[in-house]
Amino acid sequence: SMSQPRQSRALVIVNTNFCSSDGDVVFWPRGGAKREAEKLSNILSRLNYKVKLMHNKTAKEIEDLYQQECCREHGEYFVSIISSHGKEGVIFGCDSEPVMLTRIFQILSSKCPVLTKIPKIFFIQACRGKEFDQGVVVECDSGEPEPECEPDCFSDYLSIPPQTAVMFACSPGYVAFLNISGSMFLQTLLKVLEGEERHLALNRLMTRINWEVAFCCQARGTYEGCKEMPCFVTNLLQEVFPFSA
């Protein structure tokens, strides 16, 4: 008889409360993030992922969690969702210590022959700098826009290992928004995974999320009217359908 195919694994890490070694609060607590991560974990379970949901982990513990994935049995895909504070190329542990994203990618692609081969898909809800995106008023017959000073954002992109796709909540240098009901980005991911769009190929699914967040989401309150532009980087070599049961 055919043996059951191995279940794909998902690792969801959500940090909501932060302190440093001397007990000072460095970052704001992230209200709304925990419930959102729980909902995402539930939908991934329904889509037949074996989900590990971890809450408030230090930088060291986060690295260890990825190290442990190297010893697990893996299915067709590996999915990871990280929700925390961050800056360009970095996410923060609940101890306010940084974890380089390149370090996470390196662990998964160097230690484990199975993980090296299968598509590894990341969704990262974290700020990538301090800029606010005011949105763009589109005009057709204005002059050339002034060139903006761009952060050097390609260094991170080029260090994504093979068979990896990474989707960020926002563009390099910018903040990502979160409120009590959750984040624009992960709420949109949730909506897509719950609906028919989950059957799309991954690159189309991510493009769909870009569209939804860009056109349908706007910050409220203090940052009234600010926008967010997710973006993704992929070097998968084939179309994949990770959420199509």
* To do: Begin with the C-alpha distance, continue with both residues' side-chain angles, and end with the deciding distance and a verdict on side chain to side chain contact (heavy atoms under 4.5 Å, CB included) for Lys52 and Gln68.
  => CA-CA 12 Å; Lys52 186 169 198 171; Gln68 288 159 26; 3.6 Å; yes

* What distance separates Leu101 CG from Ile124 CD1, expressed to the nearest 0.5 Å? -> 4.5 Å

* To do: State whether the side chain of Arg198 and the backbone N or O of Gly195 hold a donor-acceptor pair below 3.5 Å, judged by distance alone.
  => yes

* **Shortest non-hydrogen contact from Leu44 toward Phe243** => CD2-CE2, 3.7 Å

* Asked: Does a sphere of radius 6.0 Å around NZ in Lys50 hold more than 12 heavy atoms from other residues, nucleotides or ligands, not counting ones at 6.0 Å or beyond?
  -> no

* Verdict with reasoning, Phe27 to Ser96, per side chain to side chain contact (heavy atoms under 4.5 Å, CB included) -> CA-CA 7 Å; Phe27 292 118; Ser96 306; 3.8 Å; yes

* Asked: Looking only at atom types and distance, does a side-chain atom of Ser45 sit under 3.5 Å from a main-chain N or O of Ile43, one as donor and one as acceptor?
  -> no

* Examine distances only and state if a side-chain atom of Ser41 and a backbone atom of Ala37 form a donor-acceptor pair shorter than 3.5 Å. => yes

* Indicate yes or no for a side-chain donor-acceptor contact from Lys120 to the backbone of Thr116 under 3.5 Å, with no hydrogens or angles considered. => yes

* Can you find a heavy atom in the side chain of Thr164 that is under 4.5 Å from one in the side chain of Ile121? -> no

* So, for Phe241 and His199, is the gap between ring centers shorter than 6.0 Å? -> no

* Asked: Just checking, any donor-acceptor pair under 3.5 angstrom between side chains of Thr16 and His55?
  -> yes

* To do: Could you tell me which residues satisfy salt bridge (charged side-chain N to carboxylate O under 4.0 Å, His left out) with Lys60, sequence neighbours excluded, listed by chain and number?
  => Asp64

* With the side chain counted from C-beta on, respond yes when Glu239 and Asn203 share a heavy-atom pair under 4.5 Å apart, and no when they do not. => yes

* Structure fact -> The reported gap from CG in Leu186 to CZ in Phe123 (rounded to nearest 0.5 angstrom) is 9.0 Å

* Checking Ser83 side chain against Ala33 main chain: does a donor-acceptor pair fall under 3.5 Å? -> no

* **Side-chain ion pair, Glu212 and Arg208, N-O less than 4.0 Å** => yes

* Smallest separation among heavy atoms of Arg9 and Glu73, with atom names -> CD-O, 3.3 Å

* Do any N or O atoms from the side chain of Glu197 and from the backbone of Leu205 form a donor-acceptor pair under 3.5 angstrom? -> no

* Do Val51 and Val79 come within less than 4.5 Å of each other through their side chains, counting heavy atoms only? -> no

* Over all atoms of both residues, closest heavy-atom pair of Gly93 and Ile62 -> CA-CD1, 4.0 Å

* Asked: Does a donor on one side chain and an acceptor on the other come within less than 3.5 Å for Tyr66 and Ser80?
  -> yes

* To do: Could you check Asn48 against Gln7 for side chain to side chain donor-acceptor pair (under 3.5 Å), going step by step and ending with a plain yes or no?
  => CA-CA 7 Å; Asn48 203 28; Gln7 235 181 334; 3.3 Å; yes

* Would you say the side chain of Leu11 lies within less than 4.5 Å of the side chain of Glu69, judging by non-hydrogen atoms? -> yes

* Asked: Checking Asn15 side chain against Asn56 main chain: does a donor-acceptor pair fall under 3.5 Å?
  -> yes

* Does some side-chain heavy atom of Gln125 sit less than 4.5 Å from a side-chain heavy atom of Met184? -> no

* For side chain to side chain contact (heavy atoms under 4.5 Å, CB included), just list the numbers for Val14 and Ile82, CA-CA rounded to whole Å, side-chain angles, deciding distance to a tenth of an Å, and then say yes or no. => CA-CA 6 Å; Val14 53; Ile82 304 173; over 6 Å; no

* To do: Nearest 0.5 Å please: distance from the CD atom of Glu97 over to the CD atom of Glu63.
  => 11.0 Å

* Which value, rounded to the nearest 0.5 Å, describes the distance between Cys112 atom SG and Gln67 atom CD? -> 11.0 Å

* Structure fact -> With sequence neighbours left out, the residues meeting ring-ring contact (aromatic ring centres under 6.0 Å, His included) with Phe232 are none

* Under the side-chain contact (heavy atoms from CB on, under 4.5 Å) test, which residues partner Pro98, sequence neighbours left out? -> Val90, Phe92

* Structure fact -> Smallest heavy-atom separation, Gln163 atom then Asn235 atom, equals N-OD1, 3.2 Å

* Decide yes or no on side chain to side chain contact (heavy atoms under 4.5 Å, CB included) for Lys57 and Leu65, but give the supporting numbers first. => CA-CA 9 Å; Lys57 295 293 161 200; Leu65 283 166; 4.0 Å; yes

* **Side chain His74, main chain Arg6, donor-acceptor under 3.5 Å** => no

* Any donor-acceptor N/O pair, Thr234 side chain to Ala165 backbone, under 3.5 Å -> no

* To do: Measure the spacing between CD1 of Ile209 and CZ of Phe185 and express it to the nearest 0.5 Å.
  => 6.0 Å

* Could you pull out the closest heavy-atom pair between Gln238 and Pro119, with the gap in Å? => NE2-CG, 3.9 Å

* Exercise: identify the closest heavy-atom pair between Met167 and Met206 -> CE-O, 3.3 Å

* Asked: Taking the six-membered ring for Trp, are the ring centroids of Phe105 and Phe122 within less than 6.0 Å of each other?
  -> yes

* Structure fact -> Here the gap from Leu53 atom CG to Ile13 atom CD1, rounded to the nearest 0.5 Å, amounts to 9.5 Å

